[in-house]
Amino acid sequence: SGTGVAQVLQGRTVRGGGPGLTFSAIAGGFLGGLVGLGVAYALAERFRRYGDRFEPAHDLRIPFLAEIAEFDSSDSGSLLPMRDAQRTVVAESFRFAASTLEYSLNKIKLHSVLVASAQTGDGKSVLVANTALAAASSGKRVLVVDADFGSQSVTELLTGSFQATAGLVELATGAVKLDEAITTVDLGPSTSLDLLSRGILPVTAPEFFASSELAATMKDVIRRYDLVIVDGPPTLQVAYSMTMARILGATALVIPHESEPRKGQELVDRLGFIDTEIVGYFYNRSPLRPEALISTGSMHDVLGDRGLSSVPSERPRR
(Lines give C-alpha, C1' and ligand atoms only; values in the text may rest on other atoms or scores of the structure.)
Protein backbone atom coordinates (compact mmCIF):
# COMPACT_ATOMS: atom_id res chain seq x y z
CA SER A 1 0.00 0.00 0.00
CA GLY A 2 2.92 2.40 0.60
CA THR A 3 3.85 2.18 -3.04
CA GLY A 4 0.28 2.94 -4.07
CA VAL A 5 0.15 6.04 -1.93
CA ALA A 6 3.34 7.22 -3.46
CA GLN A 7 1.90 6.76 -6.89
CA VAL A 8 -1.26 8.68 -6.02
CA LEU A 9 0.69 11.61 -4.63
CA GLN A 10 2.90 11.70 -7.68
CA GLY A 11 -0.15 11.76 -9.91
CA ARG A 12 -1.62 14.69 -7.99
CA THR A 13 1.62 16.57 -8.33
CA VAL A 14 1.59 16.17 -12.08
CA ARG A 15 -2.07 17.15 -12.42
CA GLY A 16 -1.67 20.17 -10.11
CA GLY A 17 1.55 21.37 -11.79
CA GLY A 18 0.11 21.71 -15.31
CA PRO A 19 -2.37 24.53 -14.65
CA GLY A 20 0.05 26.14 -12.23
CA LEU A 21 2.72 26.45 -14.88
CA THR A 22 0.19 27.74 -17.39
CA PHE A 23 -1.08 30.35 -14.93
CA SER A 24 2.45 31.41 -14.10
CA ALA A 25 3.28 31.78 -17.76
CA ILE A 26 0.15 33.87 -18.41
CA ALA A 27 0.69 36.01 -15.32
CA GLY A 28 4.35 36.50 -16.16
CA GLY A 29 3.48 37.52 -19.70
CA PHE A 30 0.81 39.95 -18.44
CA LEU A 31 3.12 41.52 -15.88
CA GLY A 32 5.93 41.69 -18.43
CA GLY A 33 3.56 43.45 -20.82
CA LEU A 34 2.63 45.97 -18.14
CA VAL A 35 6.27 46.62 -17.39
CA GLY A 36 6.97 47.01 -21.09
CA LEU A 37 4.08 49.44 -21.50
CA GLY A 38 5.31 51.39 -18.48
CA VAL A 39 8.82 51.63 -19.88
CA ALA A 40 7.49 52.61 -23.31
CA TYR A 41 5.28 55.32 -21.76
CA ALA A 42 8.16 56.66 -19.66
CA LEU A 43 10.41 56.81 -22.72
CA ALA A 44 7.68 58.46 -24.79
CA GLU A 45 7.16 61.09 -22.09
CA ARG A 46 10.89 61.63 -21.74
CA PHE A 47 11.29 62.44 -25.41
CA ARG A 48 7.88 64.01 -26.05
CA ARG A 49 7.74 67.49 -27.56
CA TYR A 50 4.87 69.91 -27.77
CA GLY A 51 3.27 69.82 -31.20
CA ASP A 52 0.05 71.75 -30.60
CA ARG A 53 -0.73 75.11 -29.00
CA PHE A 54 -3.27 73.61 -26.56
CA GLU A 55 -1.10 70.80 -25.20
CA PRO A 56 0.61 72.92 -22.49
CA ALA A 57 -2.82 74.00 -21.18
CA HIS A 58 -3.68 70.34 -20.58
CA ASP A 59 -0.31 69.48 -19.02
CA LEU A 60 0.33 72.60 -16.96
CA ARG A 61 -3.25 73.57 -16.06
CA ILE A 62 -2.74 77.20 -17.02
CA PRO A 63 -4.60 79.31 -19.63
CA PHE A 64 -3.53 79.63 -23.26
CA LEU A 65 -2.95 83.31 -24.12
CA ALA A 66 -1.83 83.47 -27.76
CA GLU A 67 0.00 81.62 -30.48
CA ILE A 68 2.99 83.30 -32.14
CA ALA A 69 3.95 81.85 -35.51
CA GLU A 70 7.56 81.27 -36.39
CA PHE A 71 8.89 83.98 -38.67
CA ASP A 72 12.08 84.81 -40.52
CA SER A 73 13.42 88.32 -39.98
CA SER A 74 14.51 88.37 -43.62
CA ASP A 75 10.84 88.82 -44.56
CA SER A 76 10.92 92.39 -43.27
CA GLY A 77 14.58 92.81 -42.35
CA SER A 78 13.55 93.02 -38.71
CA LEU A 79 12.76 91.01 -35.60
CA LEU A 80 10.09 93.62 -34.85
CA PRO A 81 7.19 92.91 -37.23
CA MET A 82 4.95 94.94 -34.93
CA ARG A 83 6.97 97.99 -35.96
CA ASP A 84 8.24 97.14 -39.44
CA ALA A 85 5.70 94.71 -40.93
CA GLN A 86 2.36 95.50 -39.33
CA ARG A 87 0.26 93.91 -42.08
CA THR A 88 1.54 90.39 -41.47
CA VAL A 89 0.04 87.38 -39.75
CA VAL A 90 2.80 87.48 -37.16
CA ALA A 91 2.13 91.12 -36.30
CA GLU A 92 -1.53 90.28 -35.85
CA SER A 93 -0.61 87.47 -33.47
CA PHE A 94 1.27 89.96 -31.28
CA ARG A 95 -1.87 92.13 -31.19
CA PHE A 96 -3.74 89.09 -29.91
CA ALA A 97 -0.96 88.53 -27.36
CA ALA A 98 -1.22 92.10 -26.08
CA SER A 99 -5.02 92.06 -25.81
CA THR A 100 -5.27 88.68 -24.07
CA LEU A 101 -2.45 89.59 -21.69
CA GLU A 102 -4.20 92.83 -20.75
CA TYR A 103 -7.50 91.02 -20.24
CA SER A 104 -5.87 88.36 -18.04
CA LEU A 105 -4.14 90.98 -15.91
CA ASN A 106 -7.34 93.03 -15.55
CA LYS A 107 -9.11 89.97 -14.13
CA ILE A 108 -6.67 89.89 -11.21
CA LYS A 109 -6.53 93.71 -10.98
CA LEU A 110 -2.86 94.01 -11.95
CA HIS A 111 -1.09 95.77 -14.81
CA SER A 112 2.47 94.52 -14.39
CA VAL A 113 3.83 91.14 -15.47
CA LEU A 114 7.07 89.20 -15.77
CA VAL A 115 7.43 87.27 -19.01
CA ALA A 116 9.35 84.11 -18.14
CA SER A 117 10.85 81.20 -20.06
CA ALA A 118 12.60 78.03 -18.99
CA GLN A 119 15.90 78.64 -20.79
CA THR A 120 17.76 80.84 -23.25
CA GLY A 121 16.72 80.59 -26.88
CA ASP A 122 12.97 80.37 -26.23
CA GLY A 123 12.29 83.66 -28.04
CA LYS A 124 11.18 85.50 -24.92
CA SER A 125 12.80 88.87 -25.64
CA VAL A 126 11.42 89.09 -29.19
CA LEU A 127 7.98 88.27 -27.83
CA VAL A 128 8.25 90.88 -25.07
CA ALA A 129 9.36 93.62 -27.47
CA ASN A 130 6.62 92.99 -30.04
CA THR A 131 3.85 92.51 -27.48
CA ALA A 132 4.82 95.77 -25.81
CA LEU A 133 4.81 97.53 -29.20
CA ALA A 134 1.35 96.13 -29.89
CA ALA A 135 0.04 97.39 -26.55
CA ALA A 136 1.58 100.83 -27.08
CA SER A 137 0.13 101.02 -30.59
CA SER A 138 -3.34 100.60 -29.10
CA GLY A 139 -2.84 103.76 -27.04
CA LYS A 140 -1.60 102.27 -23.77
CA ARG A 141 1.15 103.92 -21.76
CA VAL A 142 3.66 101.05 -21.72
CA LEU A 143 6.96 100.48 -19.94
CA VAL A 144 9.35 97.65 -20.82
CA VAL A 145 11.86 96.74 -18.12
CA ASP A 146 14.94 94.85 -19.32
CA ALA A 147 15.71 92.90 -16.16
CA ASP A 148 17.88 90.29 -17.85
CA PHE A 149 21.15 91.77 -16.63
CA GLY A 150 23.27 89.21 -18.45
CA SER A 151 21.75 89.85 -21.87
CA GLN A 152 19.85 93.15 -22.38
CA SER A 153 18.34 91.69 -25.55
CA VAL A 154 15.13 93.73 -25.35
CA THR A 155 17.16 96.93 -25.12
CA GLU A 156 19.11 95.98 -28.25
CA LEU A 157 15.91 95.06 -30.11
CA LEU A 158 14.09 98.28 -29.29
CA THR A 159 16.98 100.71 -29.64
CA GLY A 160 19.10 98.96 -32.27
CA SER A 161 22.12 98.78 -29.97
CA PHE A 162 23.06 98.61 -26.32
CA GLN A 163 24.60 101.77 -24.90
CA ALA A 164 25.47 102.08 -21.24
CA THR A 165 23.15 104.72 -19.81
CA ALA A 166 21.42 105.29 -16.50
CA GLY A 167 18.67 102.75 -15.89
CA LEU A 168 17.05 100.51 -13.32
CA VAL A 169 20.05 100.31 -11.01
CA GLU A 170 20.45 104.09 -10.79
CA LEU A 171 16.71 104.56 -10.34
CA ALA A 172 16.50 102.06 -7.49
CA THR A 173 19.52 103.51 -5.71
CA GLY A 174 18.15 107.05 -5.99
CA ALA A 175 20.92 108.32 -8.26
CA VAL A 176 18.44 109.50 -10.92
CA LYS A 177 14.72 110.15 -11.32
CA LEU A 178 12.46 108.11 -13.59
CA ASP A 179 12.52 110.53 -16.52
CA GLU A 180 16.34 110.37 -16.46
CA ALA A 181 16.43 106.58 -16.39
CA ILE A 182 14.00 105.73 -19.18
CA THR A 183 14.59 105.71 -22.94
CA THR A 184 11.63 106.64 -25.12
CA VAL A 185 11.19 104.46 -28.20
CA ASP A 186 9.24 106.20 -30.98
CA LEU A 187 6.84 104.01 -32.94
CA GLY A 188 5.41 106.61 -35.29
CA PRO A 189 3.15 109.64 -35.06
CA SER A 190 1.99 110.15 -31.47
CA THR A 191 2.98 106.60 -30.45
CA SER A 192 5.86 105.53 -28.23
CA LEU A 193 6.81 103.31 -25.33
CA ASP A 194 9.29 103.69 -22.49
CA LEU A 195 12.25 101.40 -21.89
CA LEU A 196 14.11 100.90 -18.62
CA SER A 197 17.35 99.01 -19.15
CA ARG A 198 19.97 97.79 -16.68
CA GLY A 199 22.00 100.88 -15.99
CA ILE A 200 25.70 101.58 -15.43
CA LEU A 201 26.50 101.10 -11.74
CA PRO A 202 28.06 97.74 -10.85
CA VAL A 203 25.83 95.53 -8.70
CA THR A 204 25.49 91.87 -7.79
CA ALA A 205 22.25 90.91 -9.47
CA PRO A 206 20.82 88.51 -6.81
CA GLU A 207 21.43 91.02 -4.02
CA PHE A 208 20.08 93.92 -6.07
CA PHE A 209 16.84 92.15 -6.97
CA ALA A 210 16.31 91.05 -3.38
CA SER A 211 16.66 94.60 -2.05
CA SER A 212 13.78 96.51 -0.52
CA GLU A 213 14.83 99.55 -2.58
CA LEU A 214 14.06 97.75 -5.84
CA ALA A 215 10.70 96.53 -4.58
CA ALA A 216 9.70 100.05 -3.53
CA THR A 217 10.94 101.50 -6.82
CA MET A 218 8.98 99.03 -8.92
CA LYS A 219 5.77 99.68 -6.98
CA ASP A 220 6.16 103.41 -7.61
CA VAL A 221 6.96 102.94 -11.30
CA ILE A 222 4.03 100.56 -11.90
CA ARG A 223 1.56 103.22 -10.73
CA ARG A 224 2.63 105.50 -13.57
CA TYR A 225 1.85 103.14 -16.48
CA ASP A 226 -1.07 101.27 -17.98
CA LEU A 227 1.11 98.23 -18.56
CA VAL A 228 4.56 97.23 -17.32
CA ILE A 229 6.17 94.23 -19.04
CA VAL A 230 9.38 92.88 -17.56
CA ASP A 231 11.80 90.69 -19.50
CA GLY A 232 13.70 88.61 -16.97
CA PRO A 233 16.46 86.03 -17.30
CA PRO A 234 15.59 82.37 -18.02
CA THR A 235 13.94 81.12 -14.84
CA LEU A 236 15.46 77.63 -14.76
CA GLN A 237 18.95 79.05 -15.21
CA VAL A 238 18.95 82.28 -13.16
CA ALA A 239 17.37 82.43 -9.70
CA TYR A 240 16.69 86.17 -9.42
CA SER A 241 14.02 85.91 -12.10
CA MET A 242 11.73 84.52 -9.42
CA THR A 243 12.37 87.52 -7.20
CA MET A 244 11.06 89.85 -9.89
CA ALA A 245 8.03 87.59 -10.39
CA ARG A 246 7.19 87.98 -6.71
CA ILE A 247 7.55 91.77 -6.84
CA LEU A 248 5.27 92.10 -9.88
CA GLY A 249 2.66 89.62 -8.70
CA ALA A 250 1.95 88.14 -12.14
CA THR A 251 3.87 85.97 -14.60
CA ALA A 252 3.23 84.91 -18.21
CA LEU A 253 5.16 81.97 -19.59
CA VAL A 254 6.75 81.45 -23.00
CA ILE A 255 6.38 77.84 -24.17
CA PRO A 256 8.10 77.20 -27.52
CA HIS A 257 6.80 74.77 -30.12
CA GLU A 258 8.59 71.40 -29.85
CA SER A 259 9.87 72.18 -26.35
CA GLU A 260 10.02 69.49 -23.66
CA PRO A 261 6.91 69.33 -21.42
CA ARG A 262 9.06 68.51 -18.38
CA LYS A 263 10.75 71.91 -18.62
CA GLY A 264 7.45 73.71 -18.68
CA GLN A 265 6.31 71.69 -15.68
CA GLU A 266 9.51 72.50 -13.78
CA LEU A 267 8.98 76.18 -14.58
CA VAL A 268 5.43 76.08 -13.19
CA ASP A 269 6.57 74.13 -10.12
CA ARG A 270 9.29 76.64 -9.27
CA LEU A 271 6.98 79.61 -9.65
CA GLY A 272 4.53 77.82 -7.37
CA PHE A 273 6.88 78.40 -4.45
CA ILE A 274 6.45 82.19 -4.59
CA ASP A 275 3.53 84.59 -4.46
CA THR A 276 2.89 85.16 -8.17
CA GLU A 277 -0.13 84.52 -10.37
CA ILE A 278 0.61 82.61 -13.59
CA VAL A 279 -1.83 84.30 -15.96
CA GLY A 280 -1.15 81.91 -18.85
CA TYR A 281 1.30 81.06 -21.59
CA PHE A 282 2.29 82.16 -25.08
CA TYR A 283 2.85 79.30 -27.52
CA ASN A 284 5.86 80.59 -29.39
CA ARG A 285 7.45 79.79 -32.78
CA SER A 286 4.64 77.54 -33.93
CA PRO A 287 4.26 76.47 -37.57
CA LEU A 288 2.05 78.84 -39.54
CA ARG A 289 -1.41 77.30 -39.78
CA PRO A 290 -3.11 77.62 -43.23
CA GLU A 291 -6.30 79.03 -41.72
CA ALA A 292 -4.31 81.94 -40.27
CA LEU A 293 -3.64 83.19 -43.79
CA ILE A 294 -7.34 83.50 -44.60
CA SER A 295 -7.69 86.63 -42.47
CA THR A 296 -4.58 88.33 -43.88
CA GLY A 297 -6.54 90.37 -46.40
CA SER A 298 -8.76 91.80 -43.67
CA MET A 299 -5.85 93.34 -41.77
CA HIS A 300 -5.93 96.45 -43.97
CA ASP A 301 -9.43 97.23 -42.71
CA VAL A 302 -8.33 96.58 -39.13
CA LEU A 303 -5.54 99.11 -39.60
CA GLY A 304 -7.99 101.68 -40.94
CA ASP A 305 -7.12 101.93 -44.64
CA ARG A 306 -10.10 99.86 -46.00
CA GLY A 307 -7.75 97.71 -48.03
CA LEU A 308 -6.77 100.58 -50.31
CA SER A 309 -3.10 100.46 -49.36
CA SER A 310 -0.74 99.05 -51.95
CA VAL A 311 1.48 97.56 -49.23
CA PRO A 312 1.31 93.77 -49.73
CA SER A 313 0.72 91.37 -46.89
CA GLU A 314 3.72 89.24 -46.12
CA ARG A 315 3.80 85.58 -45.32
CA PRO A 316 6.32 84.60 -42.66
CA ARG A 317 8.63 81.74 -43.53
CA ARG A 318 8.61 78.56 -41.57
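The structure presented is a predicted model; accordingly, all values stated were derived computationally and were not measured. Just the heavy atoms: all of them, side chains too, but no hydrogens, waters or symmetry mates, feed the values below.
Note: the hydrophobic cluster containing Val228 also contains Val169 (ILVMFWY, side chain heavy atoms under 4.5 Å, direct or indirect links). Residue Phe209 is grouped with residue Leu143 when hydrophobic side chains (ILVMFWY) are merged at heavy-atom distances under 4.5 angstrom, including chains of intermediate members. Each of Val145 and Ile200 belongs to its own hydrophobic cluster when Ile, Leu, Val, Met, Phe, Trp and Tyr are linked at side-chain heavy-atom distances under 4.5 angstrom. When hydrophobic clusters are built by joining Ile, Leu, Val, Met, Phe, Trp and Tyr residues whose side-chain heavy atoms come closer than 4.5 Å, directly or via intermediates, Leu65 is not grouped with Ile62. Linking Ile, Leu, Val, Met, Phe, Trp and Tyr residues whenever their side-chain heavy atoms come within less than 4.5 Å places Val279 and Val144 in a single cluster.
The minimum heavy-atom distance between Val90 and Ala69, with the atom names listed, is CG2-O, 4.0 Å. Residue Ala250 comes nearest to Ser112 through the heavy atom pair CB-O, 3.6 Å, listed as atom of the first residue, atom of the second, then distance. Across all non-hydrogen atoms, the minimal contact from Ala97 to Thr131 is CB-OG1, 3.9 Å. The shortest non-hydrogen separation linking Leu114 to Ala245 is CD2-CB, 3.6 Å. Annotation for Gly150 and Tyr240: closest pair N-OH, 4.1 Å, computed over non-hydrogen atoms.
Residues Val254 and Tyr281 fail the side-chain proximity criterion, which asks for heavy atoms closer than 4.5 Å. Using a 4.5 Å cut-off on side-chain heavy atoms (C-beta onward), Arg83 and Val185 make no contact. Side-chain contact between Ile68 and Ser286 is absent, with no heavy-atom pair separated by less than 4.5 Å. Considering only heavy atoms from C-beta on, Leu271 comes within 4.5 Å of Leu253 through its side chain. Using a 4.5 Å cut-off on side-chain heavy atoms (C-beta onward), Leu168 and Leu214 make contact. Within the 4.5 Å cutoff, the side chain of Asp146 has heavy atoms near those of the Gln152 side chain. The closest side-chain heavy-atom distance from Leu171 to Val221 is below 4.5 Å. Residues His111 and Asp226 form no side-chain contact, since every pair of their non-hydrogen atoms from C-beta on lies 4.5 Å or further apart.
Arg198 places no side-chain N or O within donor-acceptor distance of the main-chain N or O of Ala147, the cut-off being under 3.5 Å. Under a 3.5 Å cut-off, the side chain of Thr88 and the backbone N or O of Ala91 do form a donor-acceptor pair. Using modelled atom types, one side-chain atom of Glu170 and one backbone atom of Gly167 make a donor-acceptor pair closer than 3.5 Å. Looking at Asp122, its side chain does come within 3.5 Å of a backbone N or O of Gln119 through a donor-acceptor pair. Side chain of Ser259 to main chain of Ile255: no donor-acceptor pair is present (N/O by atom type, distance under 3.5 Å, no hydrogens or angles). Using a distance-only test at 3.5 Å, with no hydrogens or angles considered, a donor-acceptor pair links the side chain of Glu55 to the main chain of Gly51.
Here Arg285 contributes atom CZ and Glu70 contributes atom CD; the two are 7.5 Å apart, rounded to the nearest 0.5 Å. Rounded to the nearest 0.5 angstrom, Leu79 CG and Asn130 CG are separated by 8.0 Å. Taken from CG in Leu133 to OG in Ser192, the straight-line distance is 10.5 Å, to the nearest 0.5 Å. Taking CD of Gln86 as the start and CD of Glu92 as the end, the distance is 10.5 Å to the nearest 0.5 Å. With values rounded to the nearest 0.5 angstrom, Asp186 atom CG is found 12.0 Å from Leu158 atom CG. Rounding to the nearest 0.5 angstrom, the gap separating the OG atom in Ser151 from the CD atom in Glu156 is 6.5 Å.
Salt bridge present: Lys124 and Asp231 bring a charged side-chain N and a carboxylate O closer than 4.0 Å. A salt bridge does not link Lys177 with Glu180: every distance from a Lys NZ or Arg NE/NH1/NH2 to an Asp or Glu carboxylate oxygen is 4.0 Å or more. A salt bridge between Arg48 and Asp59 is present, with a side-chain N of the basic residue lying under 4.0 Å from a carboxylate O of the acidic one.
Between Phe54 and Tyr283, the distance from one ring center to the other does not fall under 6.0 angstrom. Under the 6.0 Å cut-off for aromatic ring centres, Phe149 and Phe208 qualify, their centroids lying closer than that.
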| field | Stepwise side chain to side chain donor-acceptor pair (under 3.5 Å) check, Thr251 with Thr276 | value | CA-CA 7 Å; Thr251 304; Thr276 186; 2.9 Å; yes
| field | Criterion side chain to side chain contact (heavy atoms under 4.5 Å, CB included) on Val142 and Asp194, from CA distance to verdict | value | CA-CA 6 Å; Val142 178; Asp194 288 345; over 6 Å; no
| field | Met82/Ser137 under side chain to side chain contact (heavy atoms under 4.5 Å, CB included): CA gap, chis, key distance, verdict | value | CA-CA 9 Å; Met82 227 5 268; Ser137 296; 4.2 Å; yes
| request: Could you walk me through whether Thr173 and Glu213 pass side chain to side chain contact (heavy atoms under 4.5 Å, CB included), step by step? | output: CA-CA 7 Å; Thr173 55; Glu213 289 80 8; over 6 Å; no
| said: Is there a salt bridge (charged side-chain N to carboxylate O under 4.0 Å, His left out) between Arg270 and Glu266? Walk through the geometry before answering. | reply: CA-CA 6 Å; Arg270 287 200 187 184; Glu266 185 178 356; 2.9 Å; yes
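Test Pro234, Ser241, Pro233 against Gln237 for side chain to side chain contact (heavy atoms under 4.5 Å, CB included) and you get one pass: Pro234. Of the candidates Asp148, Leu195, Val115, Ile229, Leu195 is the only one forming a side chain to side chain contact (heavy atoms under 4.5 Å, CB included) with Val154. Each of Lys107, Lys140, Arg95 was scored for a salt bridge (Lys or Arg N to Asp or Glu O under 4.0 Å) with Glu102, with one residue passing: Lys140. Shown are Leu105, Leu248, Ile108, Val113; of these, the side chain to side chain contact (heavy atoms under 4.5 Å, CB included) with Glu277 is made only by Ile108.
By the 6.0 Å contact criterion, CG on Asp269 is enclosed, its count of non-hydrogen atoms from other residues, nucleotides or ligands being greater than 12. Within a 6.0 Å radius of CZ in Phe96, other residues, nucleotides and ligands contribute 12 heavy atoms or fewer.
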